[in-house]
Amino acid sequence: MSAETASALDPDDGLLVLDGIVKQFGGLTAVDDLSIAVEEGEILGFIGPNGAGKSTTFNCVTGRYPPTSGTVYYDGEDVTGTDAHRMVTKGLARTFQEFRPLEDRSVRENVELALTPDKLFSLQGLRGETRQRAAAICERVGLGDRMEMLPDELPHAGLLRLELGRALATEPELLLVDEPFAGLSGPEVESISNLLSDLRDEGLTLVVVDHNMRGLLSLIDRAIVIQFGAMIAEGAPEEIKQDPTVQEAYLGGDEL
Amino acid sequence: MAGISQFVIQSTIRSGLYALVAIGFTLIFGVGGVLNLAHGASIVLGAYGVYLATTVLGLTTGVGFVVGLLLPAAFSGLLYLGIIKRFDHEPIMVMILTLVTSIAVELLVLNTAGSQPVAIPQFVPGNVTLGGTNVQYNLLAVFVLSWLIIVGLFLFVNYTKTGKAILAVSMSDKGASLVGIDSDRINLITWIIAGVLAGIAGIALGSQLGATFSMGRTPLILSFSIVVLGGIGSIRGSVVGAYIIGFIEVGFVQFISNDLTGIAPLLVLVGVLLVKPEGLFGRELAE
Amino acid sequence: MSDRSDRGDGQPLDRLNPMRLGLRHQLGLVGLVGLGTLPLVIDATFALTLALAYFWGVYAMSWDVVSGYTGQISFGHGVFFGVGGYTSALLNLGYGIDPVFSIPVGALLAAVAGLIIGVPALRLRGPYLSLVTLVAPLILVQVFIFRSDIFNGEQGLSSVDPLFGLSTFGNETAFYYVALGLFVGVLALLLLITRSDAGSVFTAIREDEDAVAAAGLNPAKFKIMAFVLSAAIGGLAGAVIVHTPSGNASPTTLMSVTVNVEVIIAAILGGMGTIVGAGVGGILLILLREQLSKVAWTVPIIDTPVSDIDFLVFALITLVLLYALPGGIVRWVIELGGQSVAKLRGRDDVAADGGQTPLEQVYDSYAEWFSGGDDDER
């Protein structure tokens, strides 16, 4: 194994730091002592074959469930096991790979929800401001002409845009994007890539999770590859592509 | 020491009855993934089926028992075909509809047969003294019957083709349909079997205490508690759950206060749901 | 982009100006005024029936705010009516406290009960929460029977002071206004809350809790709020009703299984998740039962008068409605109204809105209307 399992990362090594994360389900170890630092302002590719533990890692960070052991630092602060909604308030937003729009309301209203303050008594929505902000975000993610549609009228790429819009509405510093390119056509991949790199240029830090490098090569600054819950390679996308360990991991299975 | 042996014997026998009560409920949840709140209504129909055949129509006890099994089986099957099938993937809708149905059945029974308890013939009359405790033969018969059914169901599910199909549907609807199993048919069979089992439970309960229109309520709550305790959907878990609740209830009544009858299952239910919602053995309830 | 967005900049208070409301709201207001003048033309008996109907409207609305909106279905709302009613009755009987003061205490304790039941809601989802709500009233009834010395068991508490020292005979009109006032007050409060941001979070929780959390909102907090709010209102209604001829503090009238289920039926009847629908459903349920009690026809075979099995009729209606009008009566009427208005104005089919079914569309427009978006009927 050539991977450097850089143990004992410092809380300030990056905007988001995972230090020795382990997640077990019963006897199964899904994530095995994983340490990662996400630097501010970068686009990090988080790559691994299906079943490598990407989503589990993701869920440990976003607060869906706590890790079995290890520490998550966000902005230098220990946030291990923090609830999903608190992570969002701290500035870490996510998209759902399987797309989870609220089917009962329009695209714009989906985005409006993410703009709603986490307060029990709020009439903000009755003023027009939220609506305008939501409309602006819809424009930003390329749904400007479809914001009155219901989610089930949107094509696949549209749903991804909606996921992004909803995440952006929470005004994140760091955005975790889960498998954005699966099922997209070439031009769509390019268009979403452009959107993501524009967002980075505006100051957003991004982690893009995917099971292969398709669409990522030109987008990401750095890639981390995991297999069986442990890191097997880290580096610039071109290096990763040539890395023998990585190639072996993908042999006979997915295309890298 | 007489207190202890009495406690053990009474608890064991009562637990057998409870297992009998809960098992149909478990079966439906395990296979269909829905909570059948009309389980209590099936129990009522079992007891009143016997009453209708023997007392009202004057048929023999044997025929009465058959009617007591067929009536709830038919009810349960029709309930599935008429209502549940359409709302198969909406567990909450199923709860609302089965609850409404069960109250409708109760009121129908109340308005036709009255509010007074009616007598149901016993399986076996008479008493016997066991370890210093006086036990009705009828209760012993229920106990034996309960184990016969548990073992029978186990063999049926594991060793017959239909049984295996039921098992497959309980694991995955989609998977089962991929290998050519008609999950609607399997669900229907399950509901009918559950109806028969509820009928047996109804006759057993009625033969002891008499039948009333609301006799299905306590068993329904009991079923929740047992099934939640044992892990929803697992037959083995339910049997264990039945024994735990049986022992707790008899213990409460014998060692604390007679007024606590019926409250033990409720407390166990709420306790388990709050502390360990996945049950002692079964699948996850809470996310 | 439609013309909707430029409508959105009015001040919240502006929207309450009757002249600026949509047609259906104006009709609703006219209807309420009509109910207010009704005692001029009806007799005392019917006034009391309507009073009971308003209480049921409140029951159903209290259920709707937690179950219809957040999707946390309560099968035991009677527990809140019971806590409210018994608290107020016991304070009045035991300590001679005037109903005006004992009623708020009843509502408050019911809110506490809502908190106790709402907390498991944080861990349990779907049917499992419903199990807790289903057994909660049963436990309470058991406790009432266990401590019959205080709660008088199945009989319940009687000879509680009537509200405002009114007399049961002769003051029917006053009781009518008490019930109507409660109905209108609760309706206004719940409309305000469900049309505020909280309402849209509630329905989002019903759709997908994880998505709500991913939007940076704490689903637990909103669920608890819905439970406490719902319990407090249910408790308020229960507390008021025991001080009127419409009810008394007994397990049968406040928290029996039948009550619990009829509340659900009422809300389904009128339309879940709309507040107005639930309120109307509650009223309809009681009026329907009143009508059934006048039917002399006897069902053959079982030889029972229809009035004795009114629940069966409700059950059948519920089934038919669930198949035919799953959105409930109020949504259906609004849809019909919307279509005829559109026809009157010579507009084409309304379904130009992106291929939704009429029902979805009505729901959509309905939700939007109240959330303060649109201005006019389409």
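Everything quoted here is computed from the prediction, not taken from an experiment.
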**Report entry** Heavy-atom pair of closest approach, residues A:E103 and C:E207
**Finding:** N-OE1, 3.3 Å

**Report entry** Which atom of C:A213 lies closest to which atom of A:V88, heavy atoms considered
**Finding:** O-CG2, 3.5 Å

Report task. Over all heavy atoms of both residues, which pair between A:F96 and C:A214 is shortest? Give the atoms and the distance, please. Result -> CE1-CB, 3.7 Å

Query raised in the report: What are the two closest non-hydrogen atoms of C:T203 and A:R105, and how far apart are they?
Result: OG1-NH2, 2.8 Å

**Report entry** Residue selection (most heavy-atom pairs with chain A, distance under 4.5 Å) from C:A198, C:P219, C:A215
**Finding:** C:A215

Report summary line: Distance col, row C:S200:OG vs A:E112:CD, nearest 0.5 angstrom, shows 7.5 Å

Query - salt bridge (charged side-chain N to carboxylate O under 4.0 Å, His left out) against A:R166, all qualifying residues, sequence neighbours excluded - result: A:E163

**Report entry** Member of A:H85, A:R94, A:R100 meeting the side-chain contact (heavy atoms from CB on, under 4.5 Å) criterion with C:D210
**Finding:** A:R100

Report task. Give the member of A:L113, A:N110, A:T170, A:L92 that has the highest number of heavy-atom pairs under 4.5 Å with chain C. Result -> A:L113

Query raised in the report: So which heavy atom on A:P117 is nearest to which on C:D197, and how close?
Result: CD-OD2, 4.0 Å

Query raised in the report: Below 4.5 Å, heavy atoms only, C-beta onward: do C:N218 and A:D83 meet side chain to side chain?
Result: no

Query raised in the report: Looking only at heavy atoms, which two atoms of C:A211 and A:L102 are closest? And how far apart?
Result: CB-CD2, 4.4 Å

Report task. Return yes when atom CZ of A:R200 has more than 12 non-hydrogen atoms of other residues, nucleotides or ligands closer than 6.0 Å, and no otherwise. Result -> yes

